[in-house]
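Every chain is numbered from 1 and lettered A, B, ... according to where its sequence line falls, protein lines coming before strand lines. Please read all numbers here as calculations on a predicted model, not as lab measurements.
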Amino acid sequence: MSLLEIRDLGVAIHGTPVLRDVAMSLGAGEVLGVIGESGSGKSMTALAVMGLLPRGAEARGEILLDGTDLRRLSEAQRCAIRGREVSMVFQEPMTALNPLQTIGAQVAETVRVHRATGRREAEAIARATLDRVGLPAERFPLGRYPHELSGGQRQRVVIAMAIALRPRVLVADEPTTALDVTTQAAILRLLRRLVDEDGLGLMLISHDLAVVADTADRLAIMRGGAVVEAGTAEEVFRERRHPYTRALFAASAHRPERLARLARTPLLEVRDLVREYRVARPGFFGGHDAFRAVRGVSFTIRHGESLGLVGESGCGKSTLTRAILGLEALQGGSVALEGEGVHAGEHMPRALRARMQVVFQDPYGSFNPRHRVARLVAEPFHLLDDPPRGAERREAVEAALEDVGLAPADADKFIHEFSGGQRQRIAIARALIIRPKLIILDEAVSALDVQVRAQILDLLADLSARYGLSYLFISHDLTVVRAITDRVMVMQAGEIVEEGRTEAVFAAPAHPYTRALLAAAPVLELSA
Amino acid sequence: MFRYALTRFVSLALSLVVASLLIFFMLEIVPGDPAAYMLGLNASPETVAALRTELGLDAGPVVRYLGWVSGMLTGDFGTSYTYRTPVAEMILDRIQVSLPLALLALALSTLIALPVGIWAASRRGSLADAGVMGATQLGVAVPNFWFAMLLVLVFAVQLRWFSAGGFPGWDAGLLAGLKALTLPAIALALPQASILARVMRSALLDTLGEDFIRTARAKGLTRGQALRRHAVRNALIPVLTIIGLQFSFLLAGAIIIENVFFLPGLGRLVFQAISQRDLVVVESVVMLLVFAVILVTFLVDLAYAAVDPRLRRPH
């Protein structure tokens with residue numbers, strides 16, 4: 001019999017069904033990968049296993065742990081199981097820890113909630129567990145606070161809290177999605193090690209096939225609240241019986257057809273760019289120290305070219321982007337668009353700003369929710385000296401919406417009426433409407449599901465061919481960068497450590513950091 | 001932590017200097033001669049001249065400002081023109097009533113509000129929650145002097161447990177003093193408690209939606225344990241802010257309640273001094289209140305750091 005067996009699980013929230021007849025099983029020492037796009041019911045399945053469904057949710061079916069139906073237990077009995085027998089790790093490590101308590105106290109709490117141990121003993125277990133997840137005592141004493149740790153380190157603390165009592169089942173809901181590739185690889189290795197050492201059953205939830213592919217023994221593919229295909233990882237990868245599985249695989253590896261013509265003339269020239277920040281003074285009367293976020297970066301983007309920029313969080317990507325856009329004052333070097341200098345502040349002519357537009361990661365956060373799409377898309381018009389008005393303006397908005405594959409009638413809707421992918425299309429329409437030369441895409445497809453992501457990549461390739469657009473494509477996702485760029489730059493600690501034609505860099509990375517990044521990136525083997 | 005406290009302290013000192021300059025030169029800018037203003041329209045030029053000399057108005061403004069500040073630093077607040085007594089003595093007299101009253105009201109308000117707010121938040125959407133929200137809405141809306149009159153009617157007139165007003169002085173004993181301050185403190189505390197309970201409730205509800213509460217539940221904590229161990233302290237920052245503001249208000253803003261209960265407090269002193277144009281008293285009391293407010297802000301800042309480790313070291 002399996003360790004964890006889910007049978008006919010159905011969940012409805014205020015009467016609306018979100019899970020239908022979900023069935024999956026997980027054995028001891030096994031990793032069950034649960035894959036699906038947003039809204040497929042992965043997280044709801046996890047919460048149902050934990051017994052932490054949101055208010056208004058009603059469940060039916062069975063969730064058997066060693067043959068005991070968890071759903072029949074009282075809340076008190078479930079509390080006794082949570083954290084001791086069945087634990088959970090969440091997606092967002094930055095907010096998963098209580099900011100006011102030390103990491104030691106939070107790990108020890110798992111022990112003290114379940115066992116009548118003294119403080120000393122609980123702290124000893126906490127110490128041993130933190131050591132186990134790769135947070136040694138010398139660098140990570142129990143008295144550390146969460147804000148003193150990086151995202152990956154915090155995720156290790158969350159994992160330590162979950163495994164302190166050596167539970168039999170660990171549910172990990174997108175545990176690496178918010179992390180950099182190298183950190184992701186390390187966390188996945190850690191989870192796999194715990195499975196092998198403790199005989200833990202791990203339910204690994206992800207939207208990313210590649211992440212699960214290397215780690216999982218069994219797979220369940222979910223869509224619309226139901227499991228569409230399940231089996232051993234090998235089986236599922238080989239057979240791909242369900243059309244949705246095939247579509248998911250195809251989208252994950254999708255490479256848009258790119259027909260843009262590359263001109264010889266440079267569009268954007270960045271020379272020896274330096275950006276420093278003042279940091280807090282070390283002593284009360286000491287001078288300010290400067291932190292160099294960008295240290296002398298130079299590169300060129302040509303007309304019609306798509307240039308990738310990859311690097312881990314904190315490497316200076318965002319600062320560089322802001323400097324190019326003329327939003328940050330430089331401490332050295334220069335930025336020029338078609339030979340015209342870009343300077344932060346009032347000195348930058350609007351006409352110059354109009355030639356560069358940007359699309360950000362969060363398609364919802366970058367729109368005012370109280371304005372209609374027509375107004376949102378027409379926003380960049382204020383950069384023009386003679387913007388179109390009245391019917392002409394409306395036509396421009398409708399044309400821009402049609403360019404990105406939306407209907408002209410969408411102009412009268414509000415942003416909350418659209419899905420994530422559609423919102424990102426609107427963001428692109430907004431960038432496009434004043435016919436810029438360069439669009440900076442800052443993690444623009446990172447929050448999207450794979451199928452939607454594939455469509456947006458196609459759209460970008462198409463727009464580039466039609467309007468001769470250039471892109472600066474910033475992403476932590478190496479697969480996407482490989483699919484959409486001509487050249488790629490790798491950034492580390494404020495410097496470009498490697499630059500070259502995308503295929504050449506991916507095929508034969510020269511710098512050790514590039515090699516480490518590529519090695520850490522999960523790869524989906526499609527030949528299987 | 002020490003550096004945080006030090007920077008806070010420096011900003012406190014600077015605020016005090018700016019406030020004293022403002023208060024002094026505001027009265028300086030007022031058109032006309034302070035002495036003539038204090039004496040009214042029918043004063044003879046000789047009396048005005050005499051008062052000018054007495055107040056030291058013949059010296060330049062900078063000299064007088066420095067004299068005023070150094071006087072305050074050594075405890076010399078000048079002499080009241082109306083009462084002919086040292087202002088320091090008058091303030092000391094009144095603060096013996098106002099400070100205990102404000103502290104008592106604040107303690108009452110906090111003791112009522114925090115448990116009520118926590119209780120309502122933990123039963124969100126229930127009848128109990130709705131009841132608390134309704135009652136606090138009423139508490140915010142009804143002015144405190146109305147509560148005061150109601151309390152007097154019930155507890156002084158009907159039940160005769162307390163006297164209807166007046167203050168016997170601390171010489172009459174601690175108990176008698178506290179007894180005289182009880183009804184006014186309750187009247188002051190009720191509206192404040194209503195505001196504070198609502199702030200506590202909404203801050204707690206926000207915190208309960210945070211990811212780390214879900215993490216705590218996943219560890220096996222019950223809903224109540226997660227609330228007590230993880231949510232309450234995280235919700236305290238906005239509550240501390242309101243408590244700080246309330247103390248400043250209670251110290252100076254009790255004029256109406258002091259009048260209802262015939263209490264010789266600071267509020268009444270300022271009120272009388274203004275109506276009698278006793279600028280020496282007004283200036284000093286206002287400066288004292290500003291000092292109290294800034295001091296409370298400083299203490300609240302320290303309390304923030306005590307609650308939140310992220311504030312202890314600057315980033």
Side-chain angles (χ1 to χ4, degrees), chain A residues 46-47 49-52 54-56 75-76 78-102 105-115 143-148 154 157-158 161-162 164-165 167 170-171 173 279-284, chain B residues 1-11 13 121-126 129 203-240 303-315:
Chain A
L47 292 174
V49 170
M50 292 305 290
L52 290 175
R55 281 167 167 257
E75 175 59 23
R78 296 217 73 170
C79 280
I81 285 178
R82 255 182 238 132
R84 198 185 63 194
E85 305 276 335
V86 183
S87 289
M88 184 158 178
V89 174
F90 300 93
Q91 171 169 353
E92 195 37 81
M94 301 311 274
T95 52
L97 294 168
N98 184 343
L100 306 187
Q101 285 185 5
T102 61
Q106 295 189 60
V107 177
E109 188 177 34
T110 307
V111 181
R112 301 188 70 186
V113 165
H114 293 286
R115 286 193 198 155
R144 283 282 192 115
Y145 283 97
H147 69 271
E148 299 169 313
R154 290 188 208 190
V157 175
V158 175
M161 282 169 22
L165 293 174
L170 179 63
V171 180
D173 188 359
V279 293
R281 284 177 291 184
F284 198 70
Chain B
M1 182 71 192
F2 173 72
R3 244 186 78 192
Y4 174 82
L6 193 62
T7 44
R8 291 286 108 199
F9 187 79
V10 169
S11 93
S122 67
R123 283 167 184 68
R124 181 189 196 173
S126 70
D129 183 25
L204 200 53
L205 287 181
D206 283 348
T207 312
L208 285 174
E210 297 274 355
D211 283 353
F212 59 80
I213 297 297
R214 193 182 53 182
T215 312
R217 296 275 287 140
K219 273 196 232 178
L221 271 72
T222 63
R223 211 179 285 277
Q225 283 172 327
L227 180 116
R228 285 191 299 278
R229 296 190 197 174
H230 292 278
V232 171
R233 199 168 145 203
N234 271 285
L236 275 185
I237 293 270
V239 173
L240 284 172
Y304 285 160
V307 168
D308 193 337
R310 286 167 296 185
L311 295 173
R312 284 174 214 165
R313 44 146 99 192
H315 280 283

What part of A162(A) lies closer than 4.5 angstrom to a heavy atom of chain B: side chain, backbone, both or neither? neither
Can you tell if the side chain of P99(A) reaches within under 4.5 Å of the side chain of F212(B), non-hydrogen atoms only? yes
Taking every non-hydrogen pair under 4.5 Å, which of V307(B), I213(B), N234(B) racks up the most with chain A? N234(B)
Per-residue contact mode, R223(B) against chain A (heavy atom under 4.5 angstrom): neither
Checking heavy atoms, do the side chain of R112(A), its backbone, both or neither come under 4.5 Å from chain B? neither
I need the contact set between residues 225-233 of chain B and chain A: heavy-atom distance under 4.5 Å, sorted by residue number. R229(B), H230(B), R233(B)
Among M161(A), Q101(A), E109(A), residue most engaged with chain B (heavy-atom pairs, under 4.5 Å): E109(A)
If the condition is side chain to side chain donor-acceptor pair (under 3.5 Å), which residues does T95(A) pass it with, not counting sequence neighbours? D211(B)
With Y145(A) via side chain to side chain donor-acceptor pair (under 3.5 Å) - residues at least two apart: none
Is R217(B) salt-bridged to E75(A), cutoff N-O under 4.0 Å? yes
State, to 0.1 Å, how close K219(B) and V113(A) come at their nearest heavy-atom pair, and which atoms those are. O-CG1, 4.5 Å
Heavy-atom closest pair, residues T110(A) and H114(A): O-CD2, 3.2 Å
With sequence neighbours left out, what residues match D129(B) under salt bridge (charged side-chain N to carboxylate O under 4.0 Å, His left out)? R201(B)
So which heavy atom on P309(B) is nearest to which on L100(A), and how close? CD-CD2, 3.6 Å
